[in-house]
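The structure appears below as C-alpha cells.
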Amino acid sequence: MKNPDESINWSEVRARSARESQRKQVKMLKEGNQMADAPLPLHKSVYIDEERFQAEREHIFLSQPLVACLSGDIANTGDTILFEAAGPSILVTRGKDGTARAFLNMCTHRGAKLVEEAEPWSGVKNRFTCPFHAWTFDGTGRLIGQPGKEGFEKCAIGGRNLIELPCTEHIGLVFVKANPDADEIDAEAFLGDYADVLAQLELWRAEPVKKGVLTADSNWKFALDTYGESYHFSTLHKSTIANTNYTDKQVFERFGPHHRIEFPKLSTGDLIDKDESEWPETIYGGVHFLFPNTGIFFGAVAENVFFTQVFRLFPDGVGKTRCQFAVYAPFGVESDAHRDSCIAAYDATATVVQDEDYRVASNGYANLMSASKDYHVVLGANEMALHTVHQNIAKTIGMPLEQE
Ligand code: FES
Ligand SMILES: [Fe+2]
C-alpha cells in the first residue's frame, strides 16, 4: 500500500502528537471543558422527516466521497469487496495494475448482479461472470466474454463495459461516490488539513481482522450522535468506558467538516500538578470523524498492542441504521495472540455499541416518532461535536436545521 512519505517515521510523529494532545487534555482538565456558545435545540423532523431523509440520500450518500473500505481490505490483485450500504450495489476491486476501482454490481446486458452475496462479502475475483447469461468482465471492468456475441451486433449498447464509479485511494482509505454521474473525487481537497492527522494512523498498513454489522432502529444521525460526546459515559457506560475515561470532558478539534475528539483517560488527571518532565510516555489515540458517516478509533488494547476500529453508519430507510463495523491490526497482524486481542476488542466494542448506545438510540427514536408535533431534542453546549456534524449535514443538503 502507498505510504505517502517513506522518509517519515510515523511512530515518532504519533509520539509527538500524543504528547501535544496530552498537553491539551491537561489544560482542558485544569481550565474546564470546551463548550459551544449555546445549546442547540433540534426539531424532531431533523431525524424523522422523510423529505429530509431523501435529501440526505441524494446529497450525502449518493454524492459525497464515502469510505468504501481501507486499502488493506483489497490488499492484492483481484481482492474485491461488496459495498451496498450507500444505496446501489457496488463492487470495489483491485486490478492487475494495482489500482482500486469501483463498478456498479450490475451486468450491462440485463442488469443482473454479478456478485449475488450480501455485504459484508469479500473475495478474490480477477473476472466477474454474470450468473444470468455468462457475460464476463475483467478487473478493469472491460467486457471480455460474451456468449452468442452475434446476437448483440449493430447495437450501440450491445457490448458495454461495466459502469464505473468515482473511486480513489488515499492514505489507506478507499473513497467511492455511489453515483456514476458524480465528479471525480479529489481526496486531498476533501480532507484538507485533516489528511495530516489521519496519516498518523498509517491506515495503508491496516490489516482487517473482524467485520460485522450493528443495527439500530433509529435514524442514522440519531445513532451517530452517540459517538460524539462523553457526557453519557458515567451513566450509559458506567461499567465499561467510565472505568477508564472522564465523563463530559473532551478535547475537540475541527478540520473542515471532519473532526477529532480525545476523551481523556482518568490517569491524565494525575498529570495536572506534575511538571511535564515527569509525565509518562503516552500513546496516540482518539476518535477521528470523517464527514459524513465514518468514525475511526485508534488505540491500544494492552501495552503496545494496537487496534484500529472503523465504524461507518448508513441509513437503511429514514428510521433504521446499519453500521459497518470493522477492527484492523494497524500495522499488520503480528501474532495469533495479537489477532485474538483484536477480535476481543471487536467483540467488546460491538457489545457496548449494540447493547448500550444503539439501545438508547432505538428506544429514543420510538419516542420521537410519537412525540408532540413541536418536540425538540436539545444538544448541550458540552455536546459541541454534535452541533458541527448536524450543521454540516444541514448545509450539505441545503435544508436549515430549524424548519418549523
Ligand atoms: S444479465 Fe448478465 S449476462 Fe445477461
Ligand atoms: Fe457511547
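In listed order, ligands and their atoms are each counted from 1. If you read the sequence from its start, that first residue is 1, and numbering goes on from there.
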Report the C-alpha distance between F325 and F311 in whole Å, list the side-chain angles of each, state the deciding distance to 0.1 Å, and finish with yes or no for ring-ring contact (aromatic ring centres under 6.0 Å, His included).
CA-CA 5 Å; F325 176 40; F311 297 87; 4.4 Å; yes
Could you walk me through whether F137 and C107 pass the side-chain contact (heavy atoms from CB on, under 4.5 Å) check?
CA-CA 9 Å; F137 306 86; C107 183; 4.1 Å; yes
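The two atoms that bring A68 and F83 nearest to each other are CB-CD2, 3.7 Å, heavy atoms only.
Remark: D186 engages no residue in a salt bridge (charged side-chain N to carboxylate O under 4.0 Å, His left out) (not counting sequence neighbours). Under the rule for a ring-ring contact (aromatic ring centres under 6.0 Å, His included), the partners of H259 that lie at least two apart in sequence or sit in another chain are F252, F289. Considering only residues two or more places apart in sequence or on other chains, R57 meets the side-chain contact (heavy atoms from CB on, under 4.5 Å) condition with F53, Q54, L62.
Excluding waters, the protein N/O/S atoms found under 2.8 Å from atom 2 (Fe) of ligand 1 are C107 SG, C130 SG.
Side chain of K44 to backbone of A371: a donor-acceptor contact under 3.5 angstrom is found.
E356 lies apart from the Fe ion (ligand 2) in this respect, since none of its N, O or S atoms is found at a distance under 2.8 Å.
Taking the Fe ion (ligand 2) as reference, the nearest N/O/S atom within D357 carries the name OD1.
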